[in-house]
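For reference, the structure is listed below as structure tokens.
Since we're looking at a predicted model, the values are computed, not measured. Numbering starts at 1 and runs along the sequence shown.
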Amino acid sequence: MSPQRGRLNIIGAGPAGTLTALLLARQGIEVDVYERRDDPRHARAERGRSINLALAARGIRALELAGLMDDIRPLLVPMRGRRIHELDGSTAFLPYGQRDDEFIHSVSRVTLTRALIAAAAEQPGVTLRFGQVCSGVRSRSERGPGALQMRDESSQRPYEIPLSPTLAADGAGSAVRVSLAAQGRLRVTETMLDHDYKELEIPAARADGALEREALHIWPRGGFMLIALPNVDGSFTATLFLPRDGATSFASLASDAAVEAFFQREFADVRPLMPDLLEEFRSHPQGRLGTVYVDPWQVDGELLLLGDAAHAIVPFHGQGMNCAFEDCSLLAALVAAGPPAQSPDWPNVFTAFARERRPNTDAIAHMALDNYVEMRDSVRDPKFVRQRALAQELERRFPERFVPRYSMVTFHPEIPYAEALRRGEVQQALLDEVDAFAALGTPLDESSLRARIEARLSRLKREQR
Ligand code: FAD
């Protein structure tokens with residue numbers, strides 16, 4: 001390690017902050033991480049707040065790069081596909097991919113965070129400081145250099161630290177972003193969804209024998225849905241996504257009787273698996289969901305927003321954390337590309353990061369919104385089911401050119417999100433065309449199908465898997 005590579009502040013010890021700290025300290029940078037919460041290795045998990053997450057190939061690739069997958073693999077439960085539960089109690093299984101290795105994993109947010117923090121704590125060069133809140137940023141001016149305004153939670157003592165260089169990985173509600181936006185240094189658009197979410201528990205004893213373990217369960221109901229992801233202990237965490245207001249909404253579920261009647265009507269098969277439903281519905285928070293667009297992501301080459309602080313998205317593609325992990329590996333690669341024995345040229349690194357990353361984070365923000373409609377509605381639509389089967393058939397026949405969009409995003413980290421979005425649009429037009437010819441009774445033959453695919457879809461650069 002070279003001691004002259006300088007210091008770096010990171011605000012937030014979530015997935016983005018901890019993984020970045022680890023990767024940059026390994027390159028000889030002294031990293032100070034400031035986290036507002038207590039050390040999660042010793043603290044109890046919060047109830048009802050995003051208990052488990054889907055981890056997919058992009059996240060796994062970043063964690064492998066950091067050499068952490070051996071520690072994290074035992075924390076994962078595979079999810080091989082979606083189990084769709086209809087109103088009449090019938091179910092159908094839609095596998096996520098077609099190859100044996102094409103599945104995603106459920107992981108507890110708190111155990112994953114603990115594993116990342118443990119790895120960062122062991123890394124020479126990383127100092128983790130818990131109970132330290134960043135309340136704002138004082139930008140550089142003629143009166144002096146910029147500073148991060150901090151507060152120690154236990155003593156309530158305010159203090160300042162030099163701003164440059166800082167990575168703000170303080171999540172979707174980023175205090176750093178709010179402070180800089182208030183000073184006119186960043187333009188921020190937050191597009192809030194008019195649907196909220198609430199997490200509910202299915203204990204292991206009830207789930208056993210009733211819910212197949214290696215699946216993501218969905219109860220799609222058109223304008224809303226319930227989903228459930230498995231946990232290592234055999235329990236499931238269910239999440240209800242529902243409009244905030246209106247006839248069928250969180251606002252309409254203001255009494256135990258209303259909640260009971262709603263679950264009996266819409267989710268009769270899962271209701272007996274939730275013994276504490278009414279108490280949990282009352283006490284668990286009702287979370288908000290939205291997409292955050294920020295421009296620029298950096299200020300004066302001194303501070304860069306990273307992860308959800310820069311580009312929070314809705315959770316329906318299960319990609320927010322996966323995308324944040326990709327941020328970390330890109331940033332580490334840009335630092336590694338600079339001269340090894342010097343402090344990184346942060347302004348250049350920040351500019352290159354935003355140039356390469358923004359088209360991709362914009363693309364996944366778009367696809368995540370699309371996926372809400374797919375999960376709560378389209379999965380029951382015969383046209384969607386038919387085109388999904390056709391897309392999988394085209395992937396089998398033309399694997400070097402046609403990969404369903406969900407698979408590109410979830411299983412192919414070598415295909416950037418922006419490329420997945422672009423190719424997905426071309427592929428959708430092809431699927432509509434094939435469907436239209438079939439509907440006319442004149443299905444496309446092999447050679448005209450091949451000609452259309454080869455004309456519109458370039459050969460993919462494949463990674464060895
Ligand atoms: P965060 O995880 O938010 O971490 C930020 C950290 O900064 C926290 O530790 C916080 O305590 C700390 N902090 C905040 N403010 C301050 C401050 N002022 N001072 C000091 N520290 C501060 N993603 C997936 O990939 N798969 C999924 O299945 C998935 N499901 C989701 C389901 C829901 C309901 C939600 C809401 C999100 C989901 N996500 C999912 C998204 C995922 O949670 C985020 O994208 C990911 O956590 C982003 O990581 P981050 O490190 O950028 O931010």
For Y406, is the NZ or CZ atom of R82 found under 6.0 angstrom from the centre of its six-membered ring and inside 45 degrees of the ring axis?
yes
With side chain to side chain donor-acceptor pair (under 3.5 Å) as the criterion, how do H311 and D327 come out once you've worked through the C-alpha distance, each side chain's angles and the decisive distance to 0.1 Å?
CA-CA 11 Å; H311 48 69; D327 281 8; 2.7 Å; yes
With the threshold set at 4.0 Å, does a side-chain nitrogen-carboxylate oxygen contact exist between R41 and D39?
yes
Less than 4.5 Å apart, any side-chain heavy atom of D32 and any of R7?
yes
CA sep, side-chain torsions, deciding dist, call: R138, E160, salt bridge (charged side-chain N to carboxylate O under 4.0 Å, His left out):
CA-CA 9 Å; R138 188 163 49 72; E160 289 194 346; 2.6 Å; yes
From CG (L226) to CZ (F241), nearest 0.5 Å
9.0 Å
If you take all heavy atoms of Y96 and M79, which pair is closest and at what distance?
CD1-O, 3.5 Å
Would you kindly say whether D170 and S174 are connected by a side-chain donor-acceptor distance under 3.5 Å?
yes
Quick check: do F411 and I104 have side-chain heavy atoms less than 4.5 Å from each other?
yes
Would you say the side-chain atoms of S329 pair up with the backbone N or O of F325, donor to acceptor, closer than 3.5 Å?
yes
Say you draw a straight line from CG of N360 to CG of L330; how long is it, rounded to the nearest 0.5 Å?
9.0 Å
Would you say the ring centers of F130 and Y34 fall short of 6.0 Å from each other?
no
Decide, yes or no, whether a salt bridge links R405 with D370 under the criterion of side-chain N to carboxylate O below 4.0 Å.
yes
For S135 and Q149, test the side chains for any donor-to-acceptor distance below 3.5 angstrom and give the result as yes or no.
no
Starting at CG of L229, measure out to NE2 of H105 and round the result to the nearest 0.5 Å.
12.5 Å
Would you mind reporting whether R177 and V188 have side-chain heavy atoms less than 4.5 Å apart?
yes
For E279, is there any backbone N or O sitting under 3.5 Å from a side-chain donor or acceptor partner on S283?
yes
Can you confirm whether I227 sits close enough to W219 that some side-chain heavy atom of one is under 4.5 Å from a side-chain heavy atom of the other?
no
Does the cation-pi check pass for R376 over Y372, that is, NZ or CZ under 6.0 Å from the six-membered ring centre and within 45° of its axis?
yes
Please name the pair of heavy atoms, one in P243 and one in F224, separated by the smallest distance, quoted to 0.1 Å.
CD-CB, 4.1 Å
What's the verdict on side chain to side chain donor-acceptor pair (under 3.5 Å) for Q183 and S139, showing C-alpha distance, side-chain angles and the deciding distance?
CA-CA 9 Å; Q183 297 166 43; S139 295; 2.8 Å; yes
Scanning both residues in full, the closest heavy-atom pair of A310 with W297 reads O-NE1, 3.4 Å
L55 and L63: CA distance, side-chain angles, deciding distance, side chain to side chain contact (heavy atoms under 4.5 Å, CB included) verdict:
CA-CA 10 Å; L55 176 68; L63 294 169; 4.1 Å; yes
Run the side chain to side chain donor-acceptor pair (under 3.5 Å) test on Q298 and T351 for me, step by step, so that the C-alpha distance in whole Å, both residues' side-chain angles and the decisive distance to 0.1 Å come before the verdict.
CA-CA 8 Å; Q298 62 136 329; T351 304; 3.2 Å; yes
Say whether, by atom type as modelled, one donor and one acceptor occur between the side chain of N322 and the main chain of G59 under 3.5 angstrom.
yes
Where S458 and R423 come nearest, the two heavy atoms and their spacing:
O-NH2, 2.6 Å
Under-4.0 Å salt bridge between E64 and R61:
no
From L305 atom CG to L186 atom CG, the distance as rounded to the nearest 0.5 Å
6.0 Å
Apply side chain to side chain contact (heavy atoms under 4.5 Å, CB included) to residues N371 and V373 and explain how you reach the verdict.
CA-CA 5 Å; N371 236 44; V373 181; over 6 Å; no
Should the pair E35-R129 be classified as a salt bridge under the 4.0 Å nitrogen-to-oxygen rule?
no
Aromatic ring proximity, centroids under 6.0 angstrom, H217 and F236
yes
If you define the side chain from C-beta out and look only at heavy atoms, does anything of Q428 sit under 4.5 Å from D432?
yes
Is R80 close enough and on-axis enough to F103, meaning under 6.0 Å and within 45°, for cation-pi?
yes
Pair S106-N231, side chain to side chain donor-acceptor pair (under 3.5 Å): steps then yes or no
CA-CA 7 Å; S106 175; N231 297 311; 4.7 Å; no
Hey, is the main chain of T237 close enough, under 3.5 Å, to the side chain of E201 for a donor-acceptor pair?
no
Test: E302 and R140 ion pair at under 4.0 Å
yes
May I ask you to check whether over 12 heavy atoms, not counting those of E433, lie within 6.0 Å of atom CD?
yes
The test is side chain to side chain contact (heavy atoms under 4.5 Å, CB included); show your working for T113 and T18 and say whether it passes.
CA-CA 8 Å; T113 307; T18 45; 5.8 Å; no
Please check: side-chain N/O of R5 versus main-chain N/O of Q27, any donor-acceptor pairing under 3.5 Å?
yes
Whether R58 engages the ring of Y417 as a cation-pi pair (distance to the six-membered ring centre under 6.0 angstrom, angle to the ring normal within 45°) should be assessed.
yes
If I take atom CG from residue N9 and atom CE from residue M150, how far apart are they, to the nearest 0.5 angstrom?
8.5 Å
If I compare all heavy atoms of G223 with all of H195, which pair ends up nearest, and what's the gap?
O-CE1, 3.0 Å
Counting N and O atoms only, with roles assigned by atom type, does the side chain of E153 sit under 3.5 Å from a partner on the main chain of V133, one being a donor and the other an acceptor?
no
Short question: side chain of T410, backbone of S407 - any donor-acceptor pair under 3.5 Å?
no
R456 with E425: basic N within carboxylate O range, under 4.0 Å
no
Is any side-chain heavy atom of T239 less than 4.5 Å from a side-chain heavy atom of K198?
no
At their closest point, which heavy atom of A147 faces which heavy atom of L163, and how far apart are they?
N-CB, 3.6 Å
Are D194 and R244 ion-paired here, with the side-chain N under 4.0 Å from a carboxylate O?
no
Apply side chain to side chain contact (heavy atoms under 4.5 Å, CB included) to R109 and N52, showing your working.
CA-CA 5 Å; R109 181 188 288 272; N52 49 20; over 6 Å; no
Please check this pair: side chain of E199 against backbone of I51, looking for a donor-acceptor N/O pair closer than 3.5 Å.
yes
Looking at D381, is its backbone amide N or carbonyl O close enough to the side chain of S378 to form a donor-acceptor pair, meaning the two atoms are under 3.5 Å apart?
no
If you define the side chain from C-beta out and look only at heavy atoms, does anything of V31 sit under 4.5 Å from T127?
no
With side chains defined as the heavy atoms from C-beta onward, is the minimum distance between R187 and V294 less than 4.5 Å?
no
Find the distance between CG (L200) and CG (D276) and round it off to the nearest 0.5 Å.
10.5 Å
Can we say E280 and R282 salt-bridge, meaning some charged N sits less than 4.0 Å from an Asp/Glu carboxylate O?
no
